[in-house]
Amino acid sequence: MPELPEVETTLRQIAPFLVGKRIERVTTTAPSYFFITPPAELRKSLEGRQIEFLERVGKYLVLGLGEGDRLLLHLGMTGQLFSSEAASVRLLSATARAALPPEEQIHFKPDRHTHLQFELAGEGPQVYFRDVRKFGKVQWIAAGESNDRLDRLGTDALEMSAEELFSANRGRRVAIKAMLLDQSVAAGVGNIYADEALFLAGVRPGRAAKRVTRVECETIVTQLKRVLKRSIETGGSSISDYVAPDGSDGGYQDERKVYGRKGEACLVCGNEIKRKLIAQRSTHYCAHCQR
DNA sequence: ACCGCACCCTGAGCGC
DNA sequence: TGCGCTCAGGGTGCGG
């Protein structure tokens with residue numbers, strides 16, 4: 001799914017279609033795991049409201065609706081937030097696309113996975129939120145209410161310091177990779193960028209967090225920020241489902257050093273990239289370059 | 001407090 | 001063609 005760079009890319013591209021607009025109508029799918037706030041309640045709360053801002057908090061997006069009301073969005077693994085003018089070309093799989101009549105291959109038509117449709121006042125496209133696996137989330141946060149999900153988040157990965165990582169690691173037997181994936185430690189980091197940052201830092205992802213030195217924490221945090229910033233510059237990684245709001249691919253998948261490269265040669269030393277499960281997530285590393 | 005694991009859900013790709 | 005299996009970028013909640 002979308003990690004920090006993909007969510008940031010989504011934010012930058014979708015903001016012009018949302019911010020300053022009034023929501024005239026909201027269409028949803030039926031109640032499901034996806035809706036933390038029931039869809040009927042959501043429609044009622046949103047219709048007629050003006051969108052004042054859109055911001056990213058870790059991997060979450062927060063819509064500001066005035067008077068302190070907010071809407072929390074999370075893209076989960078397969079969430080896609082995009083303009084209704086985006087073509088179907090990348091939004092659907094090749095097989096799903098082939099099954100459509102030609103006109104729908106050019107312009108995306110909401111399907112059963114399109115859980116939210118924002119019809120906005122004035123010119124400009126509608127905005128759709130589609131999510132096949134429904135691991136995404138949408139929740140209304142009324143003015144003055146706190147939110148557990150947001151409250152649990154630690155420092156945004158782009159802002160974090162080596163000292164924060166080092167002190168979080170203290171006494172922890174879990175893998176350093178698990179620490180990076182922990183959103184209360186570094187908000188926004190996910191599986192791809194955790195693997196990439198640890199490779200660039202030369203640290204084995206399975207090493208116990210408490211065995212990672214202060215100096216190594218410096219390197220990890222430096223490389224992590226570098227990788228995240230570079231990925232934002234290229235529009236994120238499009239590996240399976242992620243597409244930018246205009247339906248285009250990101251570019252960072254072409255710059256990956258280890259993620260998804262199991263069995264291929266390490267670009268530094270030529271040894272085979274290994275894959276194993278760490279923290280229940282598929283993890284890629286070079287046993288020669290990472291200690 | 002910490003840790004590992006089951007679970008939420010759908011679809012693609014692969015071997016047979 | 002079809003079946004069964006594995007895999008997927010995330011996060012929560014439980015029991016030990």
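Chain letters run A, B, ... following the sequence lines, proteins first and then strands; every chain starts at 1.
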For atom P, what is the distance between B/dC9 and C/dC3, given to the nearest Å?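 Result for the P pair: 23 Å, nearest Å.
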
Distance between the P atoms of B/dA1 and C/dG11, in whole angstroms?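 One P to the other, the span is 22 Å.
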
Between A/Gln183 (side chain only) and A/Gly58 (backbone N and O only), is there a donor and an acceptor less than 3.5 Å apart?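 Between the backbone of A/Gly58 and the side chain of A/Gln183 there is no qualifying donor-acceptor contact (under 3.5 Å).
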
Would a distance-only check, ignoring hydrogens and angles, find a side-chain to backbone donor-acceptor pair under 3.5 Å from A/Gln290 to A/Val203?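 Between the backbone of A/Val203 and the side chain of A/Gln290 there is a qualifying donor-acceptor contact (under 3.5 Å).
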
Of A/Asn147, A/Asp148, A/Thr37, the residue whose pairing with A/Gln139 passes side chain to side chain donor-acceptor pair (under 3.5 Å):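 Among the candidates, only A/Asn147 passes.
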
Classify A/Ser32 by what it touches in the nucleic acid, base, sugar-phosphate, or nothing, heavy-atom distance under 4.0 Å.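 Answer is nothing: A/Ser32 stays at 4.0 Å or more from every strand.
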
Determine the contact category for A/Asp131: base if any of its heavy atoms lies under 4.0 Å from a base atom, sugar-phosphate if only primed atoms, P, OP1 or OP2 are that close, otherwise nothing.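 It contacts nothing in the nucleic acid.
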
May I have the distance from A/Lys137 (atom NZ) to B/dC7 (atom P), rounded to whole angstrom?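 Nearest whole value for this atom pair: 17 Å.
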
Atom CZ of A/Arg170 and atom C1' of B/dC2: how far apart are they, to the nearest Å?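 Rounding to the nearest Å, CZ of A/Arg170 and C1' of B/dC2 are 17 Å apart.
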
Paired and unpaired positions of DNA chain C as dot-bracket, Watson-Crick or G-U wobble under 3.5 Å, | denoting a partner strand: .|||||||.|||||||

Expected string for nucleotides 8-14 of chain B under the B/S/- scheme (protein heavy atoms, under 4.0 Å, primed atoms plus P, OP1, OP2 as sugar-phosphate) is BBBSS--

Near-ring test A/Tyr193/A/Tyr252, centroid separation under 6.0 angstrom: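 That pair passes the under 6.0 Å test.
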
Selected nucleotide, minimal atom distance to A/His74 side chain, candidates C/dG11, C/dC7, B/dC3: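 Side chain of A/His74 sits closest to C/dG11.
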
Side chain of A/Tyr60 only, heavy atoms from C-beta on: which candidate in C/dT12, B/dC5, C/dC7 is closest?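 The nucleotide sitting nearest to the side chain is C/dT12.
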
